[in-house]
Amino acid sequence: MARGFPLSALGLIVSGDLGGETMYTDRFGKIVSFPLAPPKEKPTSRQMWVRTRFKTAQAAYMSLTTSVKADWEDLTKRTNLCMTGQNLYIHVAMKGSYALLNTLISQSGVTVAAPDRV
């Protein structure tokens with residue numbers, strides 16, 4: 001990584017763990033990186049439970065057909081949400097926000113099937 005050169009100028013925005021470093025973009029648009037630190041403690045049972053639910057919701061989204069995924073994307077675009085259709089699907093599946101989903105469906109005119117709660 002070229003330090004001082006904004007990778008966003010090349011269309012690259014890096015965030016998270018990459019190789020042996022953790023990177024993020026600060027509020028001034030500069031990429032900050034530091035060596036990846038291993039966790040100090042093992043994950044708790046609650047963390048493992050939430051991670052399993054997230055993986056289940058993600059797997060359910062990935063099993064949708066391409067046209068159904070496109071409907072979820074269209075729903076988020078028509079309602080001007082700052083998230084992807086995948087993010088909305090996972091949110092509804094994990095939180096059970098069916099009233100929110102029904103409101104978005106009525107506002108957008110795009111019909112999607114509600115995911116099962118995980």
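D116 is linked by a side-chain contact (heavy atoms from CB on, under 4.5 Å) to nothing, counting only residues two or more places apart in sequence or in another chain. In this structure, the side-chain hydrogen bond (donor to acceptor under 3.5 Å, both in side chains) partners of S67, at least two apart in sequence or on a different chain, are T65. Shown here are the side-chain contact (heavy atoms from CB on, under 4.5 Å) partners of D17, two or more places apart in sequence or in another chain: T22, L36. For T52, the side-chain contact (heavy atoms from CB on, under 4.5 Å) test picks out T56, with sequence neighbours left out. Residues that satisfy the side-chain hydrogen bond (donor to acceptor under 3.5 Å, both in side chains) test with T84, not counting sequence neighbours, are N87. Legend: residues meeting salt bridge (charged side-chain N to carboxylate O under 4.0 Å, His left out) with R53, ordered by chain and number and at least two apart, are absent. By the side-chain contact (heavy atoms from CB on, under 4.5 Å) test, A57 pairs with I90, A93, M94, V118, sequence neighbours left out.
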Requested in this report: Could you walk me through whether V112 and I105 pass side-chain contact (heavy atoms from CB on, under 4.5 Å), step by step?
Outcome: CA-CA 7 Å; V112 294; I105 289 171; 4.0 Å; yes
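For residues 66-89, the set of pairs meeting the salt bridge (Lys or Arg N to Asp or Glu O under 4.0 Å) definition, not counting sequence neighbours, comprises D74-R78. For residues 56-88, every residue pair satisfying the ring pair (Phe, Tyr, Trp, His ring centres under 6.0 Å) rule, not counting sequence neighbours, is listed here: Y61-Y89, W72-Y89. Within the structure, salt bridge (Lys or Arg N to Asp or Glu O under 4.0 Å) contacts touching residues 33-42 (residues at least two apart or in different chains) do not occur.
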Table please: side-chain donor-acceptor pairs of residues 96-103 below 3.5 Å, with sequence neighbours left out.
unit_1, atom_1, unit_2, atom_2, d
S97, OG, H91, NE2, 3.2
Y98, OH, P115, O, 2.8
Y98, OH, R117, N, 3.2
N102, ND2, Y98, O, 3.2
T103, OG1, A99, O, 3.0

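Distance check, rounded to the nearest 0.5 Å: CG of L88 to OG1 of T76 gives 7.0 Å.
The number of heavy-atom neighbours closer than 6.0 Å to CE of M48, taken from other residues, nucleotides and ligands shown, is 12 or below.
The two residues I31 and M23 come nearest to each other via the heavy atoms CG2-CB, 4.4 Å.
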